[in-house]
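The structure under discussion appears below in the form of structure tokens.
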Amino acid sequence: MKKYLFYPGCSMESSAHAYAESLSQINDVMDMDLVEIDDWNCCGATEYLGISLVPAYALIGRNLALASKQANGSKTVVASCSACYLNLAKADHYMAERPILGDKVNEALAEGGLNYTPGSLSIRHLLDIMVYDIGLDHIKSKVVKPLTGLRVAPYLGCMVPRPDYYKNWSDHEHPTELDDLLRALGAEVIDFPLKTHCCGGHMTQISPDTAFEMIGRLLTSADTFKADVIATVCPMCQLNLDAYQADAIKYMHAQGRDIQSRFPILFFTQLMGVAFGKDPKTLGFGREFVKATEAMSRIGVETPAEDVQAKPKRKKTTGLPMPVMPGRSGEEE
Amino acid sequence: MKAQPVNPNDPNPNLRFLEEVSAKTAGVSRLEMCIQCGTCGGSCPSAEDMDHTPRGLFALIRAGMREEALRSNTPWVCVSCYHCVVRCPQDVHITDVMYTLKSMAIQSGLYSDSPSHKINKAAAGFSSTFIGNVNEYGRSWEVGLATVHALKHFPLRAPSMAPMALGLWAKSRLNITPKRIKGIDQLKAIIAKANTLEVS
């Protein structure tokens, strides 16, 4: 079993719950032992870097310092979120490239009794680990329910293949790692020329039309090539394309650029779970805004339409009587 | 790179503006190497909404036009997609320069002193609310971030965001309360020290 230090990032505990759930289900099949970095903090996303330099890098530096302290045989830190992956890699890379930055960050870290030597850890994305460490042959050998007939658009977003400080990826703009992995699961991988284009990032909160234009372009491309679902490796991409899909389609429609289909946006780990024969109920299906039920049923996989774990608990029958909607018994649930 | 020594007695600080931006950038920015080819603007997915393309902005910086450069909405419209970075024939770290310009624009107050600066203010406000949560809890907290940000910058649109929030909540995709890391005091000490340090 391969051991890695794991940096989940804030989204995995909230908006990208489905990513975390599906990952935990496939860990054993993938023969990976992901050990969470103890008491990690937020990486600052794309926000802290634009406010002030040394604090932004010190924030990331604390995670690197904690990881290198915890590193026990494993020097590889795996991040599942694109922004986290990039920020950890960026801090490690720039602390070495510009020694004065490294010195200042370590001066700040010393206040917390910590220290980080740039270059002492290897920072990698989850997809990279799966394709290059675990390997496509291993993945292929574990498939019990091939995704035959499911047309998947492989969507990587920006921050995984770019700027690629360590030259881990096959290409900056058209990398094929995700395509290869999805193909190993038996899926029909469609041509998706915009696979590394931007989802709009935080622009949904700042200048929504800028974001809707970008989301709209991605959906148009998926529409042109007749995707059933879009597979993503990033919590931000998933949130933007899923939760803002209706808004983006409305925006496009207002400009006479119609999009015919609606696309469930799934984490690649969810599709892996399905192919490995895991129960879809345990893979976070049902948490998506655009339901995957219909697309998945076409390949004979039944996924819940609603979040199965979030149903309100049954009320105590001994509680005070509550008003009941006409036509409902009040005893159901 | 120092192509031409600048007279240290010259009272105009804008003479060295390019050098200043470059020095305040995280790695080796290579901003001095820009050949004004425009590959960056041509690769940019949000250039349409920018006051200046990155190339144009870098020309302003080179020309010492500090105020124009720091007033520009360009760094705030940049989505950090790094398309320009991997295509730049001179390997200029464009995205990191944009981060530097944002922090300089905030420090000088120039980011928000024109009436057309809605995007700059919204973006800077979003970042500062975000880092406020991170400084306080050690983790980002989407509910607090979205609520405070919407009320501050888009009060009229805020109510229309309720269905989205409810949707996320119903799907267990929101934490109603923030999570605080154990070492929050340690983190605060590190950030407090870092706030006193600069690389240039």
Side-chain angles (χ1 to χ4, degrees), chain A residues 10 13-17 39-42 44-55 57-59 61-62 90 93-94 97-98 100-101 104-105 107-114 158-159 162-164 172-173 197-198 200-203 205-207 210 214 243 286-289 307 309-310, chain B residues 24 26-28 45-46 48-49 75-77 79-83 85-86 93 95-96 98-100 102-103 106 119 122-124 126-128 130-131 134 138-142 146 149-150 164 167-168 170-175 179 181-183 186-187 189-195 197-199:
Chain A
C10 306
E13 298 183 340
S14 50
S15 64
H17 219 122
D39 207 37
W40 55 271
N41 56 258
C42 171
T46 49
E47 308 308 322
Y48 224 129
L49 294 164
I51 299 278
S52 65
L53 183 74
V54 182
Y57 281 85
L59 182 81
R62 180 175 176 273
K90 191 189 264 288
H93 177 74
Y94 282 157
E97 182 180 283
R98 191 109 181 273
I100 185 173
L101 177 68
K104 299 289 171 184
V105 167
E107 203 178 324
L109 289 176
E111 290 293 308
L114 296 173
C158 336
M159 293 181 180
R162 288 188 300 269
D164 193 17
H172 291 139
E173 301 190 32
H197 278 232
C198 178
H202 66 188
M203 281 312 200
Q205 308 301 308
I206 289 158
S207 171
T210 306
M214 292 188 202
R287 296 194 193 280
E288 66 279 1
F289 279 76
D307 172 16
Q309 281 157 17
Chain B
K24 287 190 161 144
V28 177
S46 51
E48 211 181 332
D49 298 326
W76 305 99
V77 176
V79 288
S80 306
C81 75
Y82 295 83
H83 247 126
V85 175
V86 296
H93 295 175
T95 311
D96 294 298
M98 294 298 173
Y99 290 133
T100 306
K102 285 191 206 185
S103 62
I106 292 175
I119 288 187
F126 185 77
S127 292
S128 78
F130 184 100
I131 78 157
V134 173
R139 297 275 171 91
S140 86
W141 177 41
E142 289 151 342
H149 177 71
M164 164 81 64
L168 285 167
K171 295 168 179 59
S172 305
R173 290 177 63 173
L174 272 190
N175 292 324
K179 282 197 173 183
I181 60 168
K182 284 178 281 170
Q186 179 194 45
L187 179 65
I190 291 170
I191 297 292
K193 178 69 180 175
N195 270 314
L197 302 171
E198 285 187 32
V199 293

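Chain letters run A, B, ... following the sequence lines, proteins first, then strands; residues in each count from 1. Scope of the values below: all heavy atoms of this structure, side chains included, with no hydrogens, waters or symmetry mates.
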Do A:Phe289 and B:Leu168 come close enough that some side-chain heavy atom pair is under 4.5 Å? yes

Counting C-beta onward and ignoring hydrogens, is there a side-chain heavy-atom pair between A:Ile206 and B:Ile119 closer than 4.5 Å? yes

Side chain, backbone, both or neither: which part of B:His149 has a heavy atom under 4.5 Å from chain A? side chain

OG1/A:Thr46 to CZ/B:Phe126 distance, rounded to the nearest 0.5 angstrom? 7.5 Å

Among A:Glu288, A:Met159, A:His17, A:Glu107, who wins on heavy-atom pairs under 4.5 Å with chain B? A:Glu107

Is a side-chain donor or acceptor of A:Arg162 paired with a backbone partner of B:Cys81 at a separation under 3.5 angstrom? yes

For the backbone of B:Arg173 and the side chain of A:Arg287, can you confirm whether one donor and one acceptor N or O come within less than 3.5 Å of each other? no

I want to check something: taking the side chain as every heavy atom from C-beta on, are A:Ser207 and B:Val77 in contact at a cut-off of under 4.5 Å? no

Flag the pair A:His202 / B:Val79 as yes when at least one side-chain heavy-atom distance between them is below 4.5 Å, and no otherwise. no

Max heavy-atom pair count under 4.5 Å with chain A, selected residue of B:Lys24, B:Met98, B:Glu48, B:His93: B:His93

Heavy-atom pair of closest approach, residues B:Leu197 and A:Lys104: CD1-O, 3.3 Å

Which atoms of B:Ile106 are under 4.5 Å from chain A, going by heavy atoms: the side chain, the backbone, both sets, or neither? side chain

Given heavy-atom pairs under 4.5 angstrom as the criterion, report whether the side chain, backbone, both or neither of A:Glu173 touches chain B. side chain

I'd like to know which of A:Gly44, A:Ala16, A:Ala58, A:Pro163 tops the heavy-atom pair count under 4.5 Å against chain B. A:Pro163

Between A:Ile51 and chain B, with a heavy-atom cut-off of 4.5 Å, which part of the residue counts as in contact: side chain, backbone, both or neither? both

Which value, rounded to the nearest 0.5 Å, describes the distance between B:Gln186 atom CD and A:Leu109 atom CG? 8.5 Å

With a 4.5 angstrom heavy-atom cut-off, could you sort out which part of B:Asp49 is near chain A: side chain, backbone, both or neither? side chain

B:Gly27 and A:Tyr94: which non-hydrogen atoms are nearest, and at how many Å? CA-CD2, 3.5 Å

Mind running side chain to side chain contact (heavy atoms under 4.5 Å, CB included) on A:Leu53 and B:Thr100 for me, showing each step along the way? CA-CA 8 Å; A:Leu53 183 74; B:Thr100 306; 5.9 Å; no

Quick check on the interface: out of A:Cys158, A:Pro55, A:Gly113, A:Gly201, who has the most heavy-atom pairs with chain B under 4.5 Å? A:Pro55

Looking only at heavy atoms, the pair that brings A:Met214 and B:Ser46 closest together is CE-CB, 3.5 Å

Answer whether the closest heavy-atom distance between the side chains of B:Asp96 and A:Lys90 falls below 4.5 Å. yes

Against chain A, work out which of B:Arg139, B:Lys102, B:Met164 has the most heavy-atom pairs shorter than 4.5 Å and name it. B:Arg139

Nearest 0.5 angstrom please: A:Gln205 CD to B:Ser127 OG, how far? 12.0 Å

Heavy-atom check, side chain of A:Leu59 versus side chain of B:Leu187, under 4.5 Å: yes

Close side-chain approach of A:Tyr48 and B:Ile191, heavy atoms under 4.5 Å: yes

B:Val134 versus chain A, heavy atoms under 4.5 Å apart: side chain, backbone, both or neither? side chain

Is the closest side-chain heavy-atom distance between A:Ser15 and B:Glu142 below 4.5 Å? yes

Of all of B:Gly138, B:Pro75, B:Ala122, which one pairs up most often with chain A through heavy atoms under 4.5 Å apart? B:Gly138

